[in-house]
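Beneath this line is the structure, given in structure tokens, with notes to follow.
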Amino acid sequence: MFFKRSIKRFAHVNGFTFVTYSLNGEIITSGTDGDLRIWKEISDDDPSSQCVGENGNCCVQFKTDNNEMRLLATSDNNVQAYKYPEFDREGMELRFNGLVTSIKVNKIWIVAGSEDHTIKARKFSDPDTTIELKGHTGPIFQIAINDKNHIASSSGDGTIKVWNLETQQVVKTYDGFEKFDKFNKSKNFCTPAFEKTGRYLAFSKGSIVNVVETSSWDIKFKLENNEIKNTYTACSFSHCGSYLAAGTSNGEISVWNLTDNSKIKGEVFGEETHPITSIEWNPKNIKEFAFCDSDGQLSTIKIRANKNDDEDADILMENGDEVVRDPDDIYDAIDFRDDDDEDNENCVALEKLKNETMKTGADSDSEDEDSKTVKSQQMSETGSVRAVKPFLLQPPFQPGATPQHLEHRFMVWNHVGQVQCHSTSDENSIIAEFHDTTLHPSLHILNTLDHQMASLSTSSLALATKETPCKLVCIALLSSGNKEWSTTMPECEEIQGIAAGKSFIAVATDAGYLRIFTTMGTQREVLMVPGPVVCMSAYDNKLVVAYHTSNTCNKYSIMIINILGLAVSNRTVEIPFAQNMRLNWLGFSDVGSIIAFESSGRVISYNIKKNLWMPICNLENHLIGASDTFFMISVSESTQKIRATLCRGTHYPLTNPRPILREIDYSLPLCSIETEKSKIEECLVRSVNFEMESSSKALVENGLKLFSTALNSELESRAFEIVELISDKKLIELASRYASQKGRMHMSNKISKLLNDFEEKEMEKKSMIEGYDKEVKSFTEAYEVEEQKPSEARKIETSTPLIAPRPMISQRKANPFKKSSNNSSLGAKALNHLTKKSIGYNESVTNSDDENTPTNNMSLKNNRSVSLDTPRPGNFSQWFIANKEDLKVDNPNSTDAELFKIAKNVYKELTQKTKASVEELDTPPSAPINKRKLELNEDSGSTAKLAKYGYTE
């Protein structure tokens, strides 16, 4: 016997793809794209399709007493029943807390497994009673069931367990399999399979398929193929029990005849090397089975008696009888037309062209042209020329939005607020809420235009429709008067993404245009995007647009657009994602850094000044359940926090109840992060590379901790390297003091010498930073030049010389009662009754206007002559390092400890002298004050204190 592969058909997107057969022999496939496709046969070019949700990992079709039913795993983590073929819902059968991965049925039970580590089952006769089987510590991969009410389940904990549904107990456990914590990450599902009568159980382990006898649960025999060295991932028995098929992680297929356990020859190796995810035999054809791989492709295999047997001479099963097709029937539908070119004069042999082009003359000598023509025709008929499989790129999405098919969903949720959309039969509205209620009150808008996209900023709310003609509506939050405006896109131009910034609204369309409007609706730019748009986000005056750069895989790049005034500048950067990773979120931090979140849970940050991508956290490390995910909201770089909400068993949060926001700290993936040294190093790296609060303080603290750790571990070279690497003045002083306290005077002296070179290193560091900033300056110099041009033109046109303002003599308010020499004699005599003696006036004290002038104040400051060697309080270390050599000359016989004490005493004396001299300079010369004496004829007791200031005749 010989088996042969059919052509491969593109069924679903990349990921786990499931295949099964209907009762009438139709092929049913489901995948991670959420579609269910029904193929009449492998050559069906137009299969029927139904959308069941975000993903559909498994399905099963069975027949009840009344009608035919179909069970599907939905994106809501439920097992939903549908009527066949109407596809009407018949109710929910089972509910889980995680992704449903496998569904099986027999005449009595419905059984399903989930990523939440549980297996649930119920009887058809008792739909209200559900049993739950617990025992696995990893996600359930695949389930098999027989008519004896035994089920076998493979799990990510590395085991296969056999259960008795009647007793709900584990009968047998097989271990030693590869472990995985996620269903979508698994490459080996170890699919178990029961023989139809329930006599045998088969499962794969490595490059061997074990066949177990169910009476004793011992391995009966093992099947292997010497041509295959890769690991088997799935296996399945034929319905007649005579054959067993298995697929490997490299796309290879093996088939055995169980009557003598012999290997059937055939096309073992395929054209592609993707892992086989599912195998199922045709109930209408005992010698045909279908399989799918992780690339989303579908193919079938047929077993023939001989290699050259006709493809359609197959054995079918109808009510237990074998029906043989007549091979001659296939020619009835072929129209043989007469051709005038009977001698094939206009035909060109393909092999002849190859030999002439590639110059393989030796091969052409051995065969004549007629035989080569026949060979080339045979090659074309067998389908050796393979068509390129199209790759389904990630569709456009809005960051912070949930899927559009939900009735209650988030249109956007970011650092400003959230916009909810409620689309039900009773309500069709949009509600916008702000985190800061002082910015703007909540908005309640009727969704009469069926808006499906939204973007929210501190200055505007943008809404857009997807149905052509697409319409953009904007509500300016901070303006007065008419705040709302709208515009319609050109015909046949669909909106794929919108973003609202501080002073602009950006719209990306499927025509490759990026249309930019002002907040009040003025069209200002139309730009081109180099590839299909994935998503876009805005912050302040910056806009980032992510787009595809490849048609064969998910490869992303971003356009960083700076919009200021009338000038626009752009920089293009590639996102360093791992292979086959999808973009889940794109946005900005609170300081303007670009943040990207990939499907593997890794969060990376792009520093515009340094032009570098850096990983900041892996959210997978903070998940609790295997089927849990995080929904990204915002990132605060100043506080080193990532704000996200935990979705248990789903990928998106629900609007009600209100999701709980979690704050996750930055966690850089350093080596041995569990050690204390690595934790300090991680804090040091974050304080250097990110704009966090008190970064300079954290830099000194963590640097000193690393220095002390290295010094106490007798790693002086590392300790000195840390101080030299950071080159902070305060750290050098603290490290020198710490080393001297520990008695490491040689280390203290070595570190002290760094202060002499500190200024030079600061200049080098400054020049290096300026080099990094050149690109950033060029990034913004376009609009700076545009802004400078009008001012330069005005300078040329203006001939009036500029007058420099003079400094004001005094900024004190003028005293309206102050005496002036320009007053008239009448004004001078108006207050003569207030005698000089009564008000305590002294002619010797004169208040000159020049006392408070800046000139006089500066003269006092310039008169302070303080020596450069004179120390200032608090700088003993610097003074000691600078004058150490002079102290050694004055005290040649003193040790280092004695010299240190001497220096302290000298420094103390100098400090006291310096303080005294400064106080003398700060104290102005005091003028003698003549107090008014009480005259003898004045009665202090009988007269009020202010009576003497009254007017007298």
Side-chain angles (χ1 to χ4, degrees), residues 6-64 67-75 78-90 93-94 99-106 110-113 141-145 189 191 193 196 234-239 245 247 276-286 288-302 316-317:
S6 69
I7 59 173
K8 281 194 172 185
R9 308 304 300 266
F10 171 71
H12 299 276
V13 299
N14 297 21
F16 179 84
T17 309
F18 181 80
V19 62
T20 187
Y21 277 91
S22 65
L23 298 180
N24 57 1
E26 293 177 335
I27 304 174
I28 303 174
T29 61
S30 60
T32 55
D33 54 4
D35 291 336
L36 181 77
R37 291 189 172 89
I38 302 174
W39 313 69
K40 294 180 180 179
E41 55 185 8
I42 191 64
S43 59
D44 187 2
D45 293 330
D46 188 19
S48 61
S49 180
Q50 294 286 344
C51 181
V52 297
E54 288 298 314
N55 50 51
N57 288 325
C58 54
C59 63
V60 65
Q61 188 166 332
F62 61 97
K63 190 173 184 180
T64 61
N67 49 25
E68 197 169 349
M69 303 292 294
R70 181 178 292 157
L71 297 179
L72 298 177
T74 66
S75 57
N78 302 327
V79 178
Q80 184 72 37
Y82 294 87
K83 187 182 291 186
Y84 179 80
E86 293 85 1
F87 209 76
D88 296 332
R89 290 193 177 189
E90 287 294 316
E93 301 295 335
L94 297 170
L99 187 70
V100 181
T101 57
S102 181
I103 305 173
K104 297 294 179 183
V105 297
N106 63 3
I110 298 177
V111 185
F141 288 161
Q142 292 298 321
I143 291 177
I145 189 171
F189 300 98
T191 306
K196 187 175 182 180
C235 64
S236 179
F237 282 99
S238 64
H239 292 277
I276 305 298
T277 57
S278 180
I279 297 176
E280 185 69 19
W281 289 80
N282 190 347
K284 289 293 184 178
N285 189 343
I286 61 174
E288 177 185 314
F289 65 89
F291 67 91
C292 288
D293 57 22
S294 62
D295 198 40
Q297 298 189 91
L298 168 68
S299 183
T300 59
I301 284 182
K302 295 183 179 181
L316 302 179
M317 295 179 63

Exercise for the section: Would you mind telling me which of Thr32, Asp33, Asp295 makes a side-chain contact (heavy atoms from CB on, under 4.5 Å) with Asn14? Expected result: Asp295
Practice task
Would you check, one step at a time, whether the test side-chain contact (heavy atoms from CB on, under 4.5 Å) holds for Arg9 with Asp45?
Solution key: CA-CA 9 Å; Arg9 308 304 300 266; Asp45 293 330; 2.7 Å; yes
Practice task
Answer yes or no: is there a donor N or O on one side and an acceptor on the other, between the side chain of Thr277 and the main chain of Phe16, under 3.5 Å?
Solution key: no
Practice task
For residues Asp35 and Cys51, determine if any side-chain heavy atom of one lies less than 4.5 Å from a side-chain heavy atom of the other.
Solution key: yes
Handout entry: Atom of Ile286, atom of Ser238 and distance for their closest heavy-atom approach
Key = O-CB, 4.4 Å
Handout entry: Spacing of Leu36 atom CG and Thr29 atom OG1 [to the nearest 0.5 Å]
Key = 7.0 Å
Handout entry: Shortest non-hydrogen contact from Ser236 toward Trp281
Key = O-NE1, 3.1 Å
Completion exercise
What one should report as the nearest heavy-atom pair of Gln142 and Thr191 is CG-OG1, 3.6 Å
Practice task
Verify, without hydrogens or angle tests, whether Thr20 (side chain) and Val60 (backbone) share a donor-acceptor contact under 3.5 angstrom.
Solution key: no
Handout entry: Distance, nearest 0.5 Å, that separates CD1 of Ile103 from CG of Leu71
Key = 6.0 Å
Completion exercise
Taken to the nearest 0.5 Å, the spacing of Met69 CE from Tyr82 OH works out to 10.5 Å
Handout entry: Reported CG-to-CZ distance for the pair Leu298 and Phe291, which is rounded to 0.5 angstrom
Key = 8.0 Å
Handout entry: 4.5 Å side-chain heavy-atom contact, Ile42 and Glu288
Key = no
Handout entry: Expected output: side-chain Ser299 to main-chain Ser6 donor-acceptor under 3.5 Å
Key = yes
Practice task
Mark yes or no for whether Ser278, through its side chain, and Ile276, through its backbone, hold a donor-acceptor pair below 3.5 Å.
Solution key: no
Handout entry: Taking every non-hydrogen atom, the tightest pair across Ala193 and Cys235
Key = CB-O, 3.6 Å
Practice task
Inspect the contact between Asp293 and Lys8 and indicate whether a charged nitrogen and a carboxylate oxygen are less than 4.0 angstrom apart.
Solution key: yes
Exercise for the section: For residues Cys59 and Ile28, determine if any side-chain heavy atom of one lies less than 4.5 Å from a side-chain heavy atom of the other. Expected result: yes
Practice task
Write down the atom of Gly113, the atom of Ile143, and the distance for their closest heavy-atom approach.
Solution key: N-CD1, 3.3 Å
Problem - Donor-acceptor under 3.5 Å (Arg37 side chain, Ala11 main chain) - result: yes
Problem - Spacing of Lys284 atom NZ and Glu26 atom CD [to the nearest 0.5 Å] - result: 11.0 Å
Problem - Reported CD1-to-OG1 distance for the pair Ile27 and Thr300, which is rounded to 0.5 angstrom - result: 6.0 Å
Problem - Shortest non-hydrogen contact between Pro283 and Tyr21, atoms and distance - result: CD-CB, 3.4 Å
